[in-house]
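Some notes on the structure that comes next.
Below, chain A is the first sequence line, B the second, and so on; all start at residue 1.
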Amino acid sequence: MFAERLYCGKLTRSDVDKEILLAGWVDRRRDHGGIIFIMLRDVSGIVQIVADESLNRETALIADKLRNEFCICVKGTVRLRGSESVNPDMKTGEIEIVASSIEILSESEVPPFQIETRDHIHEDIRLKYRYLDLRRENMQISLIKRHEMMQTTRNYLVKNNFIEIETPVLNKSTPEGARDFLVPSRLHGGQFYALPQSPQLFKQILMISGFDRYFNIVKCFRDEDLRNDRQPEFTQIDMELSFIDQQMIMKIIEGLLKDIVKTVTGKEIGSDFPVLSYEDAMERYGKDAPDTRFGLELLTVTDIFKDSEFKVFKNTIDTGGVIKVLPVESGDKITRKMLDDYTEWVKIFKAGGLPNCRFRGGNFEGGISKFLSEDEKKKLIEKCTLKDDTVLFFGCDRKQVVNDSLGNLRIKIAKDIDIIDQEKLNFVWVTQFPLLEYSYEDKRYFAKHHPFTAPAAESMDKLNNITPENVDDILAQAYDIVLNGVEIGGGSIRINRPEIQSRMFDLIGINEEEANEKFSFLLDALKFGAPPHGGLALGLDRIMMILLQRESIREVIAFPKTQRGQCMMSQAPSAVAKDQLKELSLRISEIKND
RNA sequence: GGGGGUGUAGCUCAGUUGGUUAGAGCACCUGCCUGUCACGCAGGGGGCCGCGAGUUCGAGUCUCGUCACUCCCGCCA
């Protein structure tokens, strides 16, 4: 019966006079008494059906019974609309279908929310009835574009000699990194698999096996608290290559991202992606994932204030802190109230306050201006090339607090004064990351990227003389790709020599015994002619979210979890039967909820 | 673990200083209507004001607690 079925949204004036069959859902019904218009929707779009009592009484009677979201099948003839009734806002607005028969395939209750409404429906109810939410245009676009992006990715990578290989989902729990989701083993009571945070080790093993270009569009799992761009399970485009260097990988990924942007948005990105060092990114933007769509760059002014009379600055410098300034031009857009709000807001990032002042008519006024010496004023004007009517926000604290507070304030102000061009897609590579960072609390080093990242060639010597003070000088062959201030991917050249890998474990406090227990297969594999290799993983969900300008990652995932990790539709997670637990050698002790 | 926002009809929201019977738009139901396209017109039904305590003569409104969703800090190599 459905063999001849056509798609609503694909019909054009070239189909006029054809007898056709359509199937879909009633998007809307407009009853004019003798004539009823039905907007019929399927995955391709919407077309107008006309049931005319004077032409076909039986069909008009069925049309009278139709309600929103009924699933129906329509036979009819495509007809050109009269010139006055053309709807230029509709893709199929030039035509309509005169129904010769309508069959109700399945009735619908009144939906809990209107599918075609312009209201912003609360997310919990959308997620509970996700099957209805997914009928809405925005979600259909999301999922279809996501599919197209995956197709583009496969085409591009296959063209570049990549081989798609699947890696296991049931895996081994490893130290470091995010909290693992665990899966109890029935055959090995008391033991657990872990779901992969990424297929890191397996893809390196594949390089050693000789598959010199691997990719995998793969689910990854991290049991950490959620954000609007973080889900417990998410999708990575995972890649690894042998016989390459950092520049080659960056070139290949640039090509892929340009193809993806073209597919999803239709935009062409002509130029090469700019490259920033981690140090420059932190200095100018206060973040390792800078949003370069607007200016408002930070400047370090510690030197200018080394003899400051302003106690707060003086104390900061004396205790080894730094002073940075965020100059905001068009200062007239910054009201007194905003100054107060920002001062309160930066406390989120542990800043004690937000010293500020205005530069207007050649003078500094308000805020801390009375503490500024003539010399300091002169140097500020010079260093910041101050224009008239600029508000200066100062950060003075430990370097990290200053970067956190001013880096985030920079973005907040840009949004508040509306200087971000939403159409821009600013990619930027961030490179030259430190290999390690030192935690004073744990009194040990941690891998900044992950423990398999190769040190930069020029940093190899320093590895043996590492101290908490010089740890930032030891660089990694790691690179992140950032889009509009969001980290959408990252990777590194890996260690391919066992003695360096052992040294690395040693540095981050994984002793030989532990390294052997957790990673012996990698350490062993490295002994059998491991090629130089490296790779990168892209966050598919995040890329889609940005390219489609969606407010959250959940808008590009068919069945996402809420912030507390639940599925509103299936009600997962849930308790299980005692028998299931017993089979797994498990017993619930105390229930811990936050 | 911590901070902010939201929660009133099926949906989106308004609800003044604590004061009569809690409103609007959309949706829904009935009737009318032959060119609409967010159709129109007339009529109608629909409320645990998230939940629980408290203050008060009186609570949607004030206080405390609690739950859900959401944004953020911590966390996420």
Tell me, please, which residues at least two apart from [X] pass side chain to side chain contact (heavy atoms under 4.5 Å, CB included).
X: A/Leu80; result: A/Arg13, A/Val16, A/Ile95
X: A/Lys65; result: none
X: A/Ser198; result: A/Gln200, A/Cys220, A/Arg222, A/Gln236

Taking pairing as Watson-Crick or G-U wobble with both contacts under 3.5 Å, can you name the mate of [N], or confirm there isn't one?
N: B/U12; result: B/A24
N: B/C29; result: B/G43
N: B/C64; result: B/G52

For [range], which residue pairs pass the salt bridge (charged side-chain N to carboxylate O under 4.0 Å, His left out) check, not counting sequence neighbours?
range: residues 340-349 of chain A; result: A/Arg336-A/Asp340, A/Lys337-A/Asp341, A/Glu344-A/Lys347
range: residues 40-62 of chain A; result: A/Asp27-A/Arg41, A/Arg41-A/Glu69, A/Glu53-A/Arg57
range: residues 476-495 of chain A; result: A/Glu240-A/Arg494

With a non-hydrogen cut-off below 4.0 angstrom, is [X] in contact with a base, only sugar-phosphate, or nothing?
X: A/Ser83; result: nothing
X: A/Asp225; result: base
X: A/Arg126; result: nothing

Residue pairs, two or more places apart or on separate chains, that pass side chain to side chain donor-acceptor pair (under 3.5 Å) and touch residues 109-122 of chain A
A/Arg28-A/Glu116
For A/Tyr445, all residues meeting ring pair (Phe, Tyr, Trp, His ring centres under 6.0 Å), sequence neighbours excluded:
A/Tyr438
A/Phe113: what forms a ring pair (Phe, Tyr, Trp, His ring centres under 6.0 Å) with it, not counting sequence neighbours?
none
Are any protein N/O atoms closer than 3.5 Å to N/O atoms in nucleotides 65-68 of chain B? If there are, list each pair with its distance.
from  : atom 1 : to       : atom 2 : distance (Å)
B/A68 : OP1    : A/Arg564 : NH1    : 2.7

Between [N] and [M], how many Å separate the two [atom1] atoms, rounded to a whole number?
N: B/G52; M: B/U8; atom1: P; answer: 15 Å
N: B/G18; M: B/C73; atom1: C1'; answer: 37 Å
N: B/A22; M: B/G15; atom1: C1'; answer: 8 Å
N: B/U55; M: B/C13; atom1: P; answer: 34 Å

How does protein contact run along nucleotides 28-38 of chain B, one letter per nucleotide 5' to 3', with B for base contact, S for sugar-phosphate only, - for none, heavy atoms under 4.0 Å?
SSS--BBBBBS
Going 5' to 3' through nucleotides 2-12 of chain B, assign each nucleotide B (protein heavy atom under 4.0 Å from a base atom), S (under 4.0 Å only from sugar-phosphate atoms) or - (no protein heavy atom that close).
--------BSS
Is the shortest distance from a Lys or Arg side-chain nitrogen in A/Asp31 or A/Arg29 to a carboxylate oxygen in the other one below 4.0 Å?
yes
Compare side-chain N and O positions of A/Asn228 against OP1 and OP2 of B/C72 and report whether any pair is under 4.0 Å apart.
yes
Indicate the ring-plane relationship of A/Phe452 and A/Phe505, choosing parallel, tilted or perpendicular according to the 30° and 60° boundaries.
perpendicular
Starting at CD1 of A/Ile38 and ending at C1' of B/C39, how long is that distance when rounded to a whole Å?
14 Å
